[in-house]
Amino acid sequence: MGHGDYGSRSLAVTVIICPGAHSPHLTQEFLREMSAQLRDAVVFPAERYPAYSAWHLIQFLEETLEERQCDAPILLIGFSAGVVAAIATAWYWQFKGRTVRALIALDGWGVPLRGRFPIHRISHDEFTHWSSSLGEHLSDCFYADPPVEHLNLWRSPSSATGQWIRQSTYASCRIHPLLPPPALTTRTTAAEFMGMLLQTYGYSE
């Protein structure tokens, strides 16, 4: 699947939430705000294991999905240190012949994000977005404008208003082969952007 190919909406998807190294209360607030879109999501208990540990996430995920008797494609949403575990788990999952629908990375600053599946960054400010995305070929991304605090991006994504960067349309907008294409943006919130992605990948109704 290419970066701009979002796949079929008719397939079931299991969403995996990968919190960072912070109070579980922040994740509860995130889930409360996204409750309409994140029904039955699997939440990695980062309060019990290292948030960055792909090994622990993989073990937890395999056990949880076996209990649920679920083999649907997965979509991972990682925040901060949780992005480290999410990207490594996505690579492992695909290596084992299973389907990764997409990865959504919130403030995974400094984490190289590459894969044979769509990857979306959500950043708490413009600097984090551009400095994190250098050299990467990502799908549509979002950054808060005006900036919000790092933890507030996770705690309250509906309060983070900013720019939806439509990377998937860049190729058709180049004005010169040696120049970067113009940015096509839309004002929205981090919550609305994630809701759009979840619907696109077949999770939300």
Using side chain to side chain contact (heavy atoms under 4.5 Å, CB included), reason through Tyr143 and Thr128 one step at a time and then give a plain yes or no. CA-CA 8 Å; Tyr143 66 84; Thr128 301; over 6 Å; no
Any chance you could measure [X], atom [atom1], to [Y], atom [atom2], to the nearest 0.5 Å?
X: Asp140; Y: Thr186; atom1: CG; atom2: OG1; result: 9.0 Å
X: Thr89; Y: Glu62; atom1: OG1; atom2: CD; result: 9.5 Å
X: Leu61; Y: Cys70; atom1: CG; atom2: SG; result: 9.0 Å
X: His56; Y: Phe44; atom1: NE2; atom2: CZ; result: 7.0 Å
X: Leu151; Y: Leu26; atom1: CG; atom2: CG; result: 5.5 Å
X: Ile119; Y: Ile87; atom1: CD1; atom2: CD1; result: 4.5 Å

Got a donor-acceptor contact below 3.5 angstrom from the [X] side chain to the [Y] backbone?
X: Gln37; Y: Leu198; result: no
X: Trp91; Y: Arg114; result: yes
X: Arg121; Y: Gly108; result: yes
X: Gln163; Y: Thr185; result: no

NZ/NE/NH1/NH2 to OD/OE distance under 4.0 Å, Arg187 and Asp145: yes
For [X] versus [Y], what's the shortest heavy-atom pair and its separation?
X: Ala72; Y: Thr14; result: CB-OG1, 3.8 Å
X: Pro147; Y: Asp125; result: CB-CB, 3.6 Å
X: Ala51; Y: Pro19; result: CB-O, 3.6 Å
X: Ser132; Y: Trp109; result: OG-CD1, 3.0 Å
X: Ala46; Y: Gly20; result: CB-O, 3.8 Å
X: Ser131; Y: Phe127; result: OG-O, 2.7 Å

Phe79 and His124 aromatic centres sub-6.0 Å: no
Aromatic ring proximity His22/Phe30, centre distance under 6.0 Å: no
Heavy-atom side-chain contact between Met194 and Leu106 under 4.5 Å: yes
I'd like to know whether Ile77 forms a side chain to side chain contact (heavy atoms under 4.5 Å, CB included) with Met34, so could you lay out the CA-CA distance, the side-chain angles of the two residues, the decisive distance to 0.1 Å, and finally the verdict. CA-CA 12 Å; Ile77 300 177; Met34 298 294 297; over 6 Å; no
Side-chain donor-acceptor pair present, Glu33, Ser156, cut-off under 3.5 Å: yes
For the pair His120 and Phe193, name the ring-plane relationship: parallel under 30°, tilted 30 to 60°, perpendicular over 60°. perpendicular
How far apart are the C-alpha atoms of Cys18 and Leu57, what are their side-chain angles, what is the distance that settles it, and do they pass the side chain to side chain contact (heavy atoms under 4.5 Å, CB included) test? CA-CA 8 Å; Cys18 308; Leu57 175 57; 3.7 Å; yes
Counting only heavy atoms from other residues, nucleotides and ligands, does the tally under 6.0 Å from CZ of Phe60 exceed 12? yes
Please check if atom CD in Glu149 has more than 12 non-hydrogen atoms from other residues, nucleotides or ligands closer than 6.0 Å. no
Test Phe117 against every option in Leu103, Ile74, Leu75 by the side-chain contact (heavy atoms from CB on, under 4.5 Å) rule and name the one that passes. Leu103
One pair to check against side chain to side chain contact (heavy atoms under 4.5 Å, CB included): Thr64 and Ile16. What are the steps and the verdict? CA-CA 11 Å; Thr64 301; Ile16 316 301; over 6 Å; no
State plainly whether one hydrophobic cluster holds both Tyr92 and Trp55, where clusters connect Ile, Leu, Val, Met, Phe, Trp and Tyr through side-chain heavy atoms under 4.5 angstrom apart. no
